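All remarks here apply to the structure that follows.
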Amino acid sequence: MSVEPVAVLGVGMHPWGKWGRNFVEYGVAAARDALTDAGVDWRDVGFVAGADTVRNGYPGYVAGATFAQALGWTGIPVTSAYGACASGAMALEAARQRILSGMCDVALVVGADTTPKGFLKPNAGERTDDPDWLRFRLLGATNPTYFALYARRRVDLFGATPEDFALVKVKNSRHGVANPYARFAKEVGVDDVLASPLVASPLRLLDICATSDGGAAIVLSSMDYARRHAGSGPLVQVAAISTVTPTFPNTVIEMPNFATDSAAGLPVPERTFKQAIGDAAYAQAGLGPDDVDVAEVYDLSTALELDWYEDLGFCAAGEAEGLVRDGATTIGGRLPVNPSGGLACFGEAVPAQALAQVCELTWQLRGTAGDRQVDGARVGITANQGLFGHGSSVIVTR
Amino acid sequence: MPERRPIVEGWFTTPTDGTPPALIGTRCTESGTYFFPPERVASRAPGHLDSPLEEVELSNRGRLWSYTDAQYQPPDPYVPVTDPHEPFCIAAVELTEERIVVMGQVVAGVGVDDLQVGMEMELVVDTLDTSTDADGVEVEHLIWKWRPVAEEATS
């Protein structure tokens, strides 16, 4: 079921960091850069979609309108999307649908966040019917708890070692040094990772991504509009956006739940939720894992990057450690993963992150990624974490 | 003596006659699937929205799906039980009969080095924390926890 492509006319980002300023400022900076990159005047944009932040009060819940107001009201229709880590992809999908249905030629998508310090925690108040509150109150289960449950299975089932996990961080930190938008532009070694404090066994502090402030924006357009307006460089296209939900019974524990569906009663789906996220993207694009030249995947933890190698079909289950050990996923390797430096170098700015992945792949496919360029990249895939029933994968081509 | 009270009502039994405690779930009678925490609104098995849901006690044993620990004190609304924080383990166990993976804290004294994916675990009811409620009553909150099944004497 191939879907018509839309064009990535422009991309822009505000550097990630812990700036402590209003998220709107990062979003506007990213939007301004994306519009400039696209050569599009804001007044010519026909639709705006915002990816919501839930940590910045009401303006964050109506992010689309917040950014539209900040850029100057022009009377265009708006949407705001929230889907945890997949929020940016959901906003991107809303923009794509507008364009493919012929309701507009050009759309702007923006996501930005300002994050608090430390563990992400639930909203305030005693909410005994909210699993996100209950997991902290009943179990003391933080986000790293879940990342560690997945990591531990790699250790016990596949023989993964702390050194394997550290190699992911080492690779991503090397990539991120060449990225002006990354928050942590410093190479770290295996010893640095192993010397960092344990947070949730087997994961250490440097195995787990931080939370960051940041902003990213994308200008999408119809292919017709792009042919008329784009510059001379390669035209990057969105070939697929997957925002699928799990299929019952979902037998892999997923944040913020503390129990899975039951595998007794109804047949368990052949593909896990995370596998299904990638499957849907490949099907939409009419492409497969063998076609991929570069990937940006959600390394909330080092071990989760390895899970994605398998879930996206880059290798069989239990073989991901081999890919990182062999250097296959480093820049210059067979299939570079996270050339941007990934979450290891950015820290997560939830509503901006899925868009930042697409920004990076756009630069990679244009051949303008500088010292972190993946030579000859023509097909890129993103993946982000399926949590709270959300996840996404975007495929871009040129 | 603080009053002993389950941290959540209707999610687990607290027998006083020495029989083992159990989680309380519901079962979709049409599809045969189970839910924990007990689903009381409607069956979440697709196509069985109108199925009756019956309350059942779940298996109190299962296989360890995965595990970790909390080396740092979790943020509010977690209630600290020691000062300073002492790491505790968290396990995810697949219940034998219902094949639901249920997370829970592991009883004190068990570390990650004592655990292995696939090992048999059993449910216990234990103290979560002791705190003072809105009426000024000191309450010992009860919660389900996991512990490794004592190895059968083989030697």
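As the structure is a computational prediction, the values presented were derived from the model and not from experiment. Proteins come first, then strands; the chains are lettered A, B, ... in the order of their sequence lines, and each starts at number 1. Heavy-atom basis, side chains included; hydrogens, waters and symmetry copies ignored.
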Spacing of SG belonging to B:C28 relative to CG belonging to A:L266, to within rounding of 0.5 Å: 7.5 Å

Can you tell which part of B:V102 gets under 4.5 Å to a heavy atom of chain A, answering side chain, backbone, both or neither? both

Sort B:I90 into side chain, backbone, both or neither according to what part of it lies under 4.5 angstrom from a heavy atom of chain A. both

Can you check whether B:V117's main-chain N or O pairs, donor with acceptor, with A:D156's side chain at less than 3.5 Å? yes

Checking heavy atoms, do the side chain of B:Y67, its backbone, both or neither come under 4.5 Å from chain A? both

Identify which part of A:A151 has an atom lying under 4.5 Å from any heavy atom of chain B, answering side chain, backbone, both or neither. neither

Note, A:L138 side chain near B:I7 side chain (heavy atom, < 4.5 Å): yes

Can you tell me how far NE2 of B:H141 sits from CZ of A:R137, rounded to the nearest 0.5 angstrom? 5.5 Å

Sidechain N-carboxylate O distance under 4.0 Å for B:R99, A:D261: no

With a 4.5 angstrom heavy-atom cut-off, is it the side chain or the backbone of B:V93 that approaches chain A, or both, or neither? neither

State, yes or no, whether a side-chain contact exists between A:L139 and B:M103 at a heavy-atom distance under 4.5 Å. yes

In terms of heavy-atom pairs under 4.5 Å with chain B, the winner among A:G265, A:S201, A:A148 is A:S201

On a heavy-atom basis, which atom in B:V101 and which in A:T251 lie closest, and how many Å separate them? CG2-O, 4.4 Å

Output yes when a side-chain donor or acceptor of A:S262 lies under 3.5 Å from a complementary backbone atom of B:E98, and no otherwise. yes

Kindly write out the residues that satisfy ring-ring contact (aromatic ring centres under 6.0 Å, His included) with B:W11, not counting sequence neighbours, or none if the list is empty. A:F258, B:F36

Which pair of non-hydrogen atoms, one from A:A259 and one from B:I100, has the smallest distance, and what is that distance? CB-CG2, 4.0 Å

Closest non-hydrogen atoms of A:A264 and B:T33, given as atom of the first, atom of the second and distance, are O-OG1, 3.3 Å

Are B:Q71 and A:V199 side-chain neighbours, meaning at least one heavy-atom pair lies under 4.5 Å? no

Examine whether an atom of B:R44 lies under 4.5 Å from a heavy atom of chain A, and if so say whether it belongs to the side chain, the backbone or both; otherwise answer neither. both

Less than 4.5 Å to any heavy atom of chain A: does that hold for the side chain of B:E97, its backbone, both, or neither? backbone

If you tally heavy-atom pairs under 4.5 Å against chain B, which of A:T145, A:V268, A:V252 wins? A:T145

So what's closer than 4.5 Å to chain B heavy atoms on A:L203: side chain, backbone, both or neither? neither

About how many Å separate OG of B:S66 and OH of A:Y146, when rounded to the nearest 0.5 Å? 12.5 Å

Part of B:W144 within contact of chain A (heavy atom distance under 4.5 Å): side chain

